[in-house]
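Heads up: the structure comes next, in structure tokens.
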Amino acid sequence: MPVSVELKGVSKSFGKKRALDDISIEFTEGKLHGLIGSEGAGKTTLIRVIMALYSHDNGNILWKEDGKKTEFLDLRERISYMPGAQSLYPDLSVKEHLEFFRELYSLSKEEFETQRTRLLEITRLDKFTERRSRELSGGMYKKLGLMCALLQKPKVLLLDEPTNGVDPISRREFWDLLYDLSRQKITIIISTAYMDEAERCHEAHLLDAGKHLASGEPRKLLADTGVKSFDEFYLKRGTK
């Protein structure tokens, strides 16, 4: 069953710094949602608040499954998070990473083998299972991280700047993977500072200095704001 999450007036401060300022965004089910903004916009903080890695100071976070309200803890095992910082083990191979996350998620042998075969095929890492993560290219490293996040068949996938520092071809391949996942009714929330990637999302949510500026279908957002690109949008605000 599809899962959605809605933020209402969510705020978060670190000391005197207000990282999130009264954020209200609805992440509807089965769509590819982009959190768009430059460094310091609040993207990582927002993802960590949604994941309950950070507590929020004010506001509410409402989870729904198949349109019915539910609790985060009841959904936790069906939510996967891929952090922006390197989080894989450099001395473990692709195969060993998958085995490690199999144990972490307590997957049955049959379920694991089915998922493992499918994920290796769609990421095209099936020929590199013995390669250590430190020996992978940037794009392959990110694909391995995505595979580990997908082993448990999540209903919600949170990706914090997964294409940062990745070459253009690998970025395009990564986005192709995300489109395939969204067709499986997975709710995907991806943060990025690449303005061209905003136009690849089903819905873009524009952030700046912890504030939510606008949300909507990318082309409509650009038309409504009278600009031709999201680079131009932020340049006019003097923040990009």
Side-chain angles (χ1 to χ4, degrees), residues 1-8 10 12 19-20 23-36 42-56 59-88 97-98 100-108 111-112 114-116 118-119 122-123 142-164 174-175 177-192 201-205 207 212 215:
M1 292 184 286
V3 175
S4 63
V5 58
E6 183 177 2
L7 281 62
K8 294 186 175 181
V10 171
K12 174 66 179 178
L20 300 176
I23 301 290
S24 294
I25 300 177
E26 184 175 7
F27 300 100
T28 49
E29 62 268 17
K31 290 187 177 182
L32 208 167
H33 294 268
L35 294 175
I36 314 301
K43 305 185 299 298
T44 295
T45 300
L46 184 56
I47 285 179
R48 291 179 179 176
V49 164
I50 294 172
M51 273 298 299
L53 298 175
Y54 289 158
S55 60
H56 52 288
N60 296 297
I61 300 177
L62 306 177
W63 290 90
K64 292 181 181 180
E65 184 175 21
D66 202 26
K68 299 177 182 179
K69 290 184 180 180
T70 188
E71 296 298 322
F72 171 78
L73 291 178
D74 294 331
L75 295 171
R76 179 64 187 86
E77 292 184 356
R78 282 169 284 173
I79 302 172
S80 287
Y81 167 55
M82 181 175 164
Q86 291 195 354
S87 56
L88 302 178
H97 271 95
L98 295 176
F100 173 80
F101 280 91
R102 172 201 171 187
E103 294 291 332
L104 184 65
Y105 297 144
S106 300
L107 300 179
S108 67
E111 183 180 10
F112 171 71
T114 300
Q115 275 290 83
R116 177 184 182 277
R118 184 179 72 88
L119 292 172
I122 66 174
T123 58
K142 295 299 177 73
K143 287 179 182 178
L144 175 56
L146 182 62
M147 277 202 301
C148 294
L150 291 173
L151 267 179
Q152 62 174 336
K153 295 184 179 179
K155 290 294 184 180
V156 180
L157 182 61
L158 300 167
L159 307 171
D160 190 10
E161 300 200 69
T163 58
N164 187 31
F174 197 92
W175 276 92
L177 289 174
L178 296 184
Y179 290 138
D180 288 340
L181 294 172
S182 69
R183 284 190 282 269
Q184 299 172 32
K185 303 301 181 182
I186 298 175
T187 301
I188 302 171
I189 303 173
I190 175 173
S191 70
T192 180
C201 302
H202 296 140
E203 289 198 19
H205 309 279
L207 303 177
H212 175 218
S215 287

### Query
Side chains of Met147 and Leu98: closer than 4.5 Å at any heavy-atom pair?
yes
### Task
Using ring pair (Phe, Tyr, Trp, His ring centres under 6.0 Å) as the criterion, list what pairs up with Tyr81, not counting sequence neighbours.
none
### Query
Within the distance-only criterion (no hydrogens, no angle test), does the side chain of Lys142 pair as donor or acceptor with the backbone N or O of Asn164 below 3.5 angstrom?
yes
#### Entry: Within-4.5 Å side-chain heavy-atom neighbours: Trp63 and Ile79
yes
### Message
I need the Phe174 CZ to Tyr179 OH distance, nearest 0.5 Å.
### Response
12.5 Å
### Task
Kindly say whether Lys185 contributes a backbone atom to a donor-acceptor pair with the side chain of Glu29 at under 3.5 angstrom?
no
### Task
Provide the closest heavy-atom pair for Leu32 versus Cys201 in the form atom of the first, atom of the second, distance.
O-CB, 3.6 Å
### Query
With the threshold set at 4.0 Å, does a side-chain nitrogen-carboxylate oxygen contact exist between Glu65 and Arg78?
yes
### Trace of the side-chain contact (heavy atoms from CB on, under 4.5 Å) decision for Cys148 with Leu144
CA-CA 6 Å; Cys148 294; Leu144 175 56; 4.1 Å; yes
### Message
Once rounded to the nearest 0.5 Å, what's the spacing between atom OG1 of Thr187 and atom NE2 of His202?
### Response
11.5 Å
### Task
Using the side chain to side chain donor-acceptor pair (under 3.5 Å) rule, take Gln152 and Ser80 through it: C-alpha gap first, then chi angles, then the decisive distance, then the call.
CA-CA 8 Å; Gln152 62 174 336; Ser80 287; 2.7 Å; yes
### Message
So does Ile23 get a backbone contact from the side chain of His212, meaning a donor-acceptor N/O pair under 3.5 Å?
### Response
no
### Message
Taking CD in Gln184 as the centre, count heavy atoms belonging to other residues, nucleotides or ligands within less than 6.0 Å. Is the count above 12?
### Response
yes
## Note on the structure
Scanning both residues in full, the closest heavy-atom pair of Thr28 with His33 reads O-NE2, 3.0 Å
### Task
Kindly indicate whether the side chain of Val3, heavy atoms from C-beta on, has any atom under 4.5 Å from the side chain of Thr70.
no
### Message
Please give me the minimum heavy-atom distance between Leu159 and Met82, naming the atom from each residue.
### Response
CD2-CB, 3.5 Å
Hey, can you pull the donor-acceptor pairs under 3.5 Å for the side chains in residues 47-56, sequence neighbours left out?
| from | atom 1 | to | atom 2 | distance (Å) |
| --- | --- | --- | --- | --- |
| Arg48 | NH1 | Tyr54 | OH | 2.9 |
| His56 | NE2 | Gly59 | O | 3.4 |

#### Entry: Donor-acceptor contact below 3.5 Å, side chain Ser191 vs main chain Glu161
yes
### Task
Report yes if some heavy atom in the side chain of Thr192 is under 4.5 Å from a heavy atom in the side chain of Ile36; otherwise report no.
yes
### Query
With a 4.5 Å limit on heavy-atom distance, are the side chains of Ile188 and Leu181 in contact?
yes
